[in-house]
Amino acid sequence: MPKLRCTVDNCSYNKEEYCTLNYILVDGDGQVATNVEDTCCTNFDASEYTLSNQEHMAQAVVDIKCTADHCIFNEDNVCEAEEVGMAGASTCTCSQDTQCGTFRCGRS
Ligand code: SF4
């Protein structure tokens, strides 16, 4: 499983740039994603920001399922990268504002 760092600091599950979920789903819409901007974290949730940040335990390693078929790290919809960087501004309001910075297109 990849080590996950995440800069989306207004997500309910973000604690000091670690994710407090042990499983996330990254969306790349099958063969549509050909660059970082086409991907997003579907688990982004800003609804319980303050409370959740204090309650959850941070995870350094997270199981990542991913639908970005063209990414070189995608093996049967499982992310096999050693480290993944999820990115997004603290002004994110929805999943589509986030992106997987580790995406690398392998489409020939
Ligand atoms: S590195 Fe590639 S396979 Fe892993 S989550 Fe990001 S887009 Fe998906």
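Every number for a ligand or one of its atoms is a count from 1 in the order of the listing. Just so you know, these numbers come straight off a predicted model, no measurement behind them.
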> Could you state the interatomic distance from CZ (F44) to CG (N14), rounded to the nearest 0.5 Å?
Replying inline: 10.0 Å

Ignoring hydrogens and geometry, is there a side-chain-to-backbone donor-acceptor pair from [X] to [Y] under 3.5 Å?
{"X": "N43", "Y": "L25", "value": "yes"}
{"X": "T20", "Y": "M57", "value": "no"}
{"X": "T67", "Y": "G28", "value": "yes"}
{"X": "D27", "Y": "T42", "value": "no"}

> Quick one: does NZ or CZ of R104 land under 6.0 Å from the six-membered ring centre of F73, within 45 degrees of the ring axis?
Replying inline: no

>> Below 2.8 Å, which protein N, O or S atoms neighbour atom 4 (Fe) of ligand 1, ignoring water?
In response: C79 SG

